[in-house]
Amino acid sequence: MKNPKKFANELSAWYQQHKRDLPFRTTHEPYHIFLSEMMAQQTQMDTLIPYFNRFIKTFPTIEALANAPTQQVLKAWEGLGYYRRAKYVHESAQAIMNHHDGNFPTDLQALLALKGVGDYTAAAIHSIAFNKPSIAIDGNVARVTARLFAMHDDILKTTTKKKMKTYLEPLMKASEPRIFTQAMMELGALVCQKEPRCASCPLKTHCTAYQTNQQHRLPNRSSLKAKQEETYFVFVIRIGDQVVLRQRPSEGLLANMYEFIQYRSTNLNDGLIQLANDIEGPIKDLKSLGTIKHVFTHKIWHLKVILVDATSTPHKTYHLKTFPYAMSKAHRKIIDLMHE
DNA sequence: AAGCCGGGGGG
DNA sequence: CCCCCAGGCTT
């Protein structure tokens with residue numbers, strides 16, 4: 001980059017003029033920046049905004065969050081996905097109360113020590129909340145940077161991110177840190193998208209990909225692994241006006257989430273045999289509600305949903321309408337199916 | 001370095 | 001329907 005100061009000024013001017021009004025941009029309050037960045041991991045902005053607003057309303061301070069019950073925090077995260085993040089956010093709030101006197105740590109190493117806070121999130125908090133010159137590379141910044149310097153490296157590799165940091169350092173040094181971080185991300189979100197809008201880009205005179213007409217071929221990324229497919233029979237067991245739900249194990253996929261009873265099987269008879277092991281008394285009035293396909297990062301669920309009536313069960317039953325605990329999206333789709 | 005961990009949007 | 005997107009932890 002020939003003129004970092006010019007770059008910084010032009011990027012900053014663009015940002016001030018075009019930045020979106022986002023609920024966590026009304027302040028530099030570290031708790032708000034932290035929460036928004038945790039929610040932003042692997043999640044699109046439009047999805048997280050209502051979650052952010054509800055979360056701050058329910059848990060207005062780090063202290064309120066730290067003192068909240070686990071299931072209430074998980075419920076506030078319900079539908080956002082990657083539920084370990086909810087656990088980490090809760091644990092980090094408790095660590096801040098217990099080890100930092102309730103004050104958000106300002107030191108990069110202390111930020112990295114918080115659960116769920118990695119290189120990206122630590123640098124984002126460090127720069128946005130505390131205006132320190134740490135370089136945060138998320139998917140948006142990686143795309144912008146790959147084009148800016150016409151990098152053909154795989155943007156998912158950690159070595160590529162290190163290389164990007166060395167390229168971005170002079171630009172960060174010439175900038176107001178919190179502006180640089182947010183402006184780079186905003187440019188990626190609004191202009192330097194997968195389909196680049198170079199005509200309205202403030203950086204096109206600095207962009208090597210644009211100058212050499214490679215912007216549509218960048219960035220490079222490695223392809224994803226094939227997903228494993230699994231079929232389950234899900235039994236929605238009605239007892240009066242209640243349904244049977246159970247809680248998943250505390251580790252692994254959808255940890256601690258509630259769900260209808262499901263058994264891995266491609267065959268209804270086999271599913272019913274497994275069900276008969278868990279339920280006492282007759283199982284009757286089987287009615288198929290259809291099949292739900294649910295795609296995770298690394299696997300695909302095919303859920304064959306069967307509505308049944310039973311007279312007794314060793315499981316707990318709940319009213320779905322007032323159910324206070326978190327359920328996965330896959331099983332909330334089943335509730336929708338019941339109302340069709 | 002590779003595998004595990006959800007959900008949403010666009011074509 | 002299929003394809004694309006995207007951080008951190010663990011091993």
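Model, not experiment: these values are computed from the prediction.
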Within the 4.0 Å heavy-atom criterion, would you say A/Thr297 contacts the bases, only the backbone, or no part of the nucleic acid? base
B/dG3 phosphate, OP1 or OP2: any side-chain N/O from A/His298 under 4.0 angstrom? no
Comparing A/Ala40 and A/Tyr88 on DNA chain C - which has the more 5′ nearest nucleotide: A/Ala40
Report yes if at least one side-chain N or O of A/Lys329 is closer than 4.0 Å to OP1 or OP2 of B/dG8; otherwise report no. yes
Whether A/Glu37 and A/Arg85 form a salt bridge (side-chain N of Lys/Arg under 4.0 Å from carboxylate O of Asp/Glu) is what I want to check. no
Salt bridge or not between A/Lys165 and A/Glu169? Use side-chain N to carboxylate O under 4.0 Å. no
In this structure, how many angstroms lie between the P atom of B/dG6 and the CD atom of A/Gln44, rounded? 18 Å
In whole Å, I'd like the distance from the NZ atom of A/Lys293 to the C1' atom of C/dC1. 8 Å
Under 4.0 Å from OP1 or OP2 of C/dG8: is there any side-chain N or O of A/Thr121 that close? yes
Mind checking if A/Asp46 touches a base, just sugar-phosphate, or nothing, with heavy atoms under 4.0 Å? nothing
Does the structure show a Watson-Crick or G-U wobble partner for B/dG6, both distances under 3.5 Å? Name it, or say none. none
More than 12 non-hydrogen atoms from neighbouring residues, nucleotides or ligands closer than 6.0 Å to NZ on A/Lys162, yes or no? no
Spacing of the C1' atoms in C/dT10 and B/dG7 (rounded, Å): 22 Å
Nearest-angstrom distance, P atom, B/dG11 to C/dA6: 16 Å
Spacing of the P atoms in B/dG6 and C/dT11 (rounded, Å): 16 Å
Does A/Lys225 place a side-chain N or O at less than 4.0 Å from the phosphate oxygens OP1/OP2 of B/dA1? no
Taking 4.0 angstrom as the limit, do A/Glu229 and A/Lys299 come out as a salt bridge? no
Between A/Lys115 and A/Thr43, who's closer to the 5' end of DNA chain C by nearest nucleotide? A/Thr43
What is the separation between atom CZ on A/Arg143 and atom C1' on C/dC5, rounded to the nearest whole Å? 9 Å
From CD1 of A/Ile292 over to P of B/dG6, roughly how many Å is that when rounded to an integer? 17 Å
I need the OH-P distance between A/Tyr51 and B/dG8, as an integer number of Å. 6 Å
Does A/Leu156 reach a base, just sugar-phosphate, or nothing at all? Heavy atoms under 4.0 Å. nothing
Using the P atom as the reference point in each nucleotide, state the distance between C/dC4 and B/dC5 in Å, no decimals. 23 Å
With a 4.0 Å limit, can you tell me whether A/Thr158 has a side-chain N or O closer than that to the phosphate oxygens OP1/OP2 of B/dA1? yes
With a cut-off of less than 4.0 Å, is there a side-chain N or O of A/Lys333 near OP1 or OP2 of B/dG7? no
Answer yes or no: does a side-chain N or O of A/Arg85 lie under 4.0 Å from OP1 or OP2 of C/dG8? no
Parallel, tilted or perpendicular: ring planes of A/Phe235 versus A/Phe233, cut at 30 and 60 degrees: parallel
How far, in whole Å, is B/dG8 from C/dC9 if one measures between their P atoms? 23 Å
Strictly below 4.0 Å, N to O, side chains only: are A/Arg238 and A/Asp309 in salt-bridge contact? yes
What nucleic acid atoms does A/Lys299 come within less than 4.0 Å of, heavy atoms only: base, sugar-phosphate, or nothing? nothing
Between CD1 of A/Ile300 and C1' of C/dC4 the distance, given in whole Å, is 14 Å
For atom CD of A/Glu230 and atom P of B/dC5, their distance in whole Å: 10 Å
For A/Trp77 and B/dC5, give me the distance from atom CH2 to atom C1', rounded to whole Å. 13 Å
Does B/dG7 have OP1 or OP2 under 4.0 Å away from a side-chain N or O of A/His294? yes
Quick check: are there more than 12 heavy atoms from other residues, nucleotides or ligands sitting under 6.0 Å from CD of A/Glu251? no
Of all the nucleotides listed (C/dC4, B/dG7, C/dG7), which has the minimum atom distance to the side chain of A/Tyr120? C/dG7
From B/dG6, C/dA6, C/dG8, pick the nucleotide closest to the side chain of A/Gln41? C/dG8
Touch check for A/Val117, heavy atoms < 4.0 angstrom, all strands: base, sugar-phosphate only, or nothing? sugar-phosphate
